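Each remark here refers to the structure printed beneath this line.
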Amino acid sequence: MLVVVKVGSSTLVDAHGALDRAYIRQLCEQVSTLVEQGNKVIVVTSGAAAAGRESLGFSSRPSDIPSLQACAAAGQAALTQAYADVLAEQGIPCAQVLLTRRDVVDREGYLNARNTLERLLELGAVPVVNENDTVSVAEFAFGDNDFLGAIVSVLAGADLYIICSDVDGLYTANPQIDPTATLVSHVDKVDAKLMRMAGGTNSSVGTGGMTSKLRAARAMLAAGIPMVICEGREDKIIERVLSGEQVGTRFEGPLGSAHGNGLKLWIGLAEMPQGSLILDKGACRAMVERGASVLPVGIVRSEGSFQAGDVVNVVSEQGDLLARGITRYSSEDIARVHGLHLDVIARFMPDKGGQPAVHRDELLVF
């Protein structure tokens, strides 16, 4: 079994904001146990900026990008070495892999990253993956390592994705505010109602909250990879998840609900959307329930500026993200053709030949 384990900054650092080496040791000992049992493990780690912040003398998280990138640069080496030292005691090599979204937006880069991870696993190494914050810019940032872990899980073909968090799963409401909130043990669909249950991050060292975890879960459901959110500091939590114990919140759809098409998954997860197509109720139903392409007649309007060949979000009029795909029309074209049937469009745009706005072969429905 190939397991991707993501650990957040708030789990990796102690109460003073310093790297918690005792916890890293406990985490690596669990990873070693999994490897000894014949599993392959990839660790997606946060914490570089937090580790660098300590060494550079910042008393709190800086707000400017150059300082954050300086902290990441200073902390990255220490963070990887902390993992490598413990894993080496068990005879397991550790390999640092730094990625930005720019590396996987390009299809060739995506495949190269996959090949590198596969070869490292073949050689018995534990890849330790982090976003390359020292060179990352906003338009090519993953935004949080929850989604980076989802991307890594898809490109490596993981069997399970575990998010070790500072919370023990998804609740029906914020348990810090609502005493009646209860833990949701299983989720098979991430919809607008579920997204509204999520709040922002309460951590001073992390960037992800429950909303980011649900975005990652939506991606995992599309890919057919089970995902578990759990309290990362619970005793032997990773081993317990693998043993089948019911801990945290498990996201898993019905058997056969996954998209096996690698190109669709890359379009939907790795590429950066340049705009949105907003569909009426009938078009949404046809796309989701019948697997139809997105036709101009069902488009209410578009948002953003994009060209034919760009990736766009496909959204309901209520604002729910339903799918992502490659548009065959520019935003200017959509302004001219939305609401029209293909035979009408073909009369004044013969170069389009009556094409759908997004063909179902290039569309990932969440």
Side-chain angles (χ1 to χ4, degrees), residues 4 101 103-111 113-114 140 142-144 146-158 161 187-192 194-195 211-227 251-279 283-296 298-299 302-304 306-316 318-329 334 355-366:
V4 174
R101 195 150 193 169
D103 298 319
V104 296
V105 163
D106 174 71
R107 179 68 174 165
E108 184 176 349
Y110 178 92
L111 297 175
R114 184 186 69 184
F140 284 107
F142 290 101
D144 59 78
D146 296 322
F147 199 74
L148 172 59
I151 293 282
V152 169
S153 296
V154 171
L155 67 86
Y161 177 32
V187 175
D188 61 8
K189 180 182 179 181
V190 175
D191 55 17
L194 202 67
M195 293 298 289
T211 300
S212 76
K213 291 170 178 55
L214 291 185
R215 291 192 188 105
R218 183 170 56 199
M220 294 297 88
L221 287 168
I225 300 172
M227 177 182 126
F251 297 81
E252 187 171 15
L255 189 66
S257 62
H259 293 267
N261 187 307
L263 176 61
K264 284 189 178 185
L265 289 171
W266 172 71
I267 291 169
L269 306 182
E271 264 283 17
M272 294 287 286
Q274 302 301 311
S276 298
L277 300 178
I278 292 80
L279 306 189
C284 292
R285 189 181 302 114
M287 179 185 70
V288 173
E289 297 179 5
R290 301 199 299 273
S293 299
V294 177
L295 301 179
I299 297 174
S302 68
E303 294 178 352
F306 50 85
Q307 301 299 318
D310 285 344
V311 170
V312 294
N313 290 327
V314 182
V315 184
S316 71
Q318 291 71 42
D320 300 332
L321 175 62
L322 302 177
R324 193 168 283 157
I326 296 177
T327 176
R328 298 190 177 187
Y329 294 76
I334 294 296
Q355 296 181 36
V358 182
H359 194 280
R360 64 184 181 184
D361 292 342
E362 300 171 331
L363 179 71
L364 178 68
V365 178
F366 294 118

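Computed from a prediction, not measured in an experiment: that's the story for all the values here.
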- Task: Of all the heavy-atom pairs spanning Q307 and T327, show the shortest one and how long it is.
- Result: O-CG2, 3.6 Å

- Task: Side-chain contact test, heavy atoms from C-beta onward, threshold under 4.5 Å: evaluate it for L279 versus C284 and give yes or no.
- Result: yes

- Taking every non-hydrogen atom, the tightest pair across M227 and K213: CE-O, 3.3 Å

- Task: Mind listing the closest non-hydrogen atom pair of G149 and V4 along with its distance?
- Result: O-CG1, 4.1 Å

- Point-to-point distance, once rounded to the nearest 0.5 Å, from CG of D320 to CD1 of I278: 12.0 Å

- Task: Measure the spacing between CD of E303 and CG of L277 and express it to the nearest 0.5 Å.
- Result: 9.5 Å

- Item | Main-chain N/O of L295 paired to S293 side chain as donor or acceptor, under 3.5 Å | no

- In short, P296 meets A357 closest at the heavy-atom pair CD-N, 3.8 Å

- Please assess M287 against V294 for the test side-chain contact (heavy atoms from CB on, under 4.5 Å), listing each intermediate value before the final yes or no. CA-CA 7 Å; M287 179 185 70; V294 177; 3.8 Å; yes

- In short, F251 meets A217 closest at the heavy-atom pair CD2-CB, 3.5 Å

- Of all heavy-atom pairs linking F306 and G275, the shortest is CD2-CA, 3.9 Å

- Interatomic distance, L155 atom CG to R114 atom CZ [nearest 0.5 angstrom]: 8.0 Å

- Message: I'd like to know whether V315 forms a side-chain contact (heavy atoms from CB on, under 4.5 Å) with L322, so could you lay out the CA-CA distance, the side-chain angles of the two residues, the decisive distance to 0.1 Å, and finally the verdict.
- Response: CA-CA 5 Å; V315 184; L322 302 177; over 6 Å; no

- Message: As an exercise, state the distance from CD1 of I225 to CE of M220, rounded to the nearest 0.5 Å.
- Response: 4.5 Å

- Ignoring hydrogens and angles, tell me if any N or O in the side chain of Y329 forms a donor-acceptor pair with the backbone of Q355 under 3.5 Å. yes

- Note on the structure: CG (L194) and CZ (R218) are apart, to the nearest 0.5 Å, by 10.5 Å

- At what distance, to the nearest 0.5 angstrom, does NZ of K189 lie from CG of L221? 11.0 Å

- Item | Sidechain-backbone polar pair: S302 side chain, I334 backbone, donor-acceptor under 3.5 Å | no

- Message: Do I326 and D310 have side chains that approach each other closer than 4.5 Å (heavy atoms only, starting at C-beta)?
- Response: no

- Item | Criterion side-chain contact (heavy atoms from CB on, under 4.5 Å) on V288 and V365, from CA distance to verdict | CA-CA 7 Å; V288 173; V365 178; 4.2 Å; yes

